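Everything quoted here is computed from the prediction, not taken from an experiment.
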Amino acid sequence: MSDSESVEAILPGPVPLARRMGELGTWVMRDPLRLGEVGDVISLAGGLPAGETLPAAEIGEAVRQVATSKLATAALQYSAAEGLPALRAWIADRASADRGRLVDPSQVVVTTGGLQGLDVIARTLLDPGDLVAIDEPVFPGSLHCLEMYQPEFLAIPVDADGLDVGALAERLAGGQRPKLVYTVATFHNPTGATLTDVRRRELADLAERYGFVVAEDEPYPALRFRGNPVPPIAAYSDRIVTIGSFSKTLGPGLRVGWVVVPRALADAVGRAKRWSDLHTSTLMQYALIELLGRAGWYDAHLATLPVVYGRRCGALRAAVGEHLAGVVEVNDPAGGLFVWGRVVAPGLSADDLLDSAVRRGVTYVSGPQFAVHNPDPATMRMSFAGSSPERLELAARRLADAAITALGSRA
């Protein structure tokens, strides 16, 4: 009996999925690395941090020190769902400095990456049918994470100043009552926009007035290469949940993030985390405690990141301006990993250009993949993080060739 026949004998018919899976969207990044279409690919698609910024040697040494110390056995055991006390205290200290007021370690829950932080918040707060206000456009991973809890979505536009808090206020005044508002406030994914301080205060005021919780997703603040930091929304209200992660600063492979929650939610979020995965990797938490305990090391490491990303962002923007004038325009973020672009050539969409681009060895993500309700076919997200300035310039030249072909086919 063949393997397929064995499977069919065990599972004679289709396996019925939960209804929520039929409603769950799929994010398909059209990446020629996956499709095998071309050899030398410059991918502007993924939001991966630059490999050379990840401190592999230091992390390896920290793991070795833990594994050869008296902590070795404890590091390989189960641990508390909320995280190791020393790491929670370190995160609480940083959050206190950012907010300008005390955050207690009991308000911190260590998670397996930032996305699990959103998941445990949604698990704690949302029932099917609850209303969630969300960025439009939005990072699809966050959208699909929330979709698992079957809420209704209220899409709020994001413009050059971040979430349009005025539009949210109009919806609230009209009777809409979200239970949760989700936004990436600093160097928004995908647009790169940063919510202004005025809007942060207004959003905090709305949360207090209408009683909703704001999930402030903050993976990128350390990647600022221009301008001054803006206080988090959590500086202005206690109804804010901050979602953070080491993914963009130390490495996504660590899978260590956190949430900082109001005291009233701490116990429930801890329980939601416990029944998600019991706990985040004990070994990796101990390694991070070792690494972060080195006086000044983390801040010195963070100081190196804006130099890399600022140079790359400038290189991509300059190359687009030189090679794609009249075809693509991009914005000018002050940090993060992305520029948000618009195809301005008449009769050409971002998908049309992408179809031609992948055959020339360059890819990005078209804007409609980030839409909640209102896809804009002209928009596109390009990440400058993973390529050198020279490769980014080559990518722009390839995109220019792709545009000539795409426009010619429509002549």
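Contact check on Asp277 versus Arg255 returns no salt bridge, with no Lys/Arg side-chain nitrogen under 4.0 Å from an Asp/Glu carboxylate oxygen. Under 4.0 Å is where a charged nitrogen must lie from a carboxylate oxygen, and between Arg271 and Asp267 at least one such pair does.
Here the closest heavy-atom approach between residue Ser237 and residue Arg101 is recorded as O-NH2, 3.0 Å. The nearest pair of heavy atoms linking Ala215 to Ile243 is CB-CD1, 4.3 Å. A pairwise comparison of heavy atoms in Tyr309 and Gly336 identifies CB-O, 4.2 Å as the closest pair.
Every pair passing salt bridge (Lys or Arg N to Asp or Glu O under 4.0 Å) that includes a residue from residues 316-340 is listed here, sequence neighbours excluded: Arg226-Asp332, Arg317-Asp332. Legend: salt bridge (Lys or Arg N to Asp or Glu O under 4.0 Å) pairs involving residues 168-187, not counting sequence neighbours, sorted by first then second residue: Asp130-Lys179. Screening residues 63-72 for side chain to side chain donor-acceptor pair (under 3.5 Å), with sequence neighbours left out, gives Glu61-Arg64, Glu61-Gln65.
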*asked:* salt bridge (charged side-chain N to carboxylate O under 4.0 Å, His left out) for Asp119 and Arg123? Distances and angles first, verdict last.
replied: CA-CA 6 Å; Asp119 181 77; Arg123 180 178 299 205; 3.6 Å; yes

*Decide side-chain hydrogen bond (donor to acceptor under 3.5 Å, both in side chains) for Thr242 and Arg99; before the verdict, give the C-alpha distance in whole Å, the side-chain angles of both, and the deciding distance to 0.1 Å.*
CA-CA 11 Å; Thr242 302; Arg99 298 179 182 199; 2.9 Å; yes

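Checked by atom type and distance alone, the side chain of Thr379 never pairs as donor or acceptor with a backbone atom of Arg342 at under 3.5 Å.
For Phe212, there are no ring pair (Phe, Tyr, Trp, His ring centres under 6.0 Å) partners two or more places apart in sequence or in a different chain. For His323, there are no ring pair (Phe, Tyr, Trp, His ring centres under 6.0 Å) partners, not counting sequence neighbours.
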Taking distance alone, no hydrogens or angles, what donor-acceptor pairs closer than 3.5 Å link side-chain atoms of residues 288-300 to residues at least two apart or in another chain?
| from | atom 1 | to | atom 2 | distance (Å) |
| --- | --- | --- | --- | --- |
| Tyr298 | OH | Thr249 | OG1 | 3.1 |
| Asp299 | OD1 | Arg94 | NH1 | 3.2 |
| Asp299 | OD1 | Arg94 | NH2 | 3.0 |

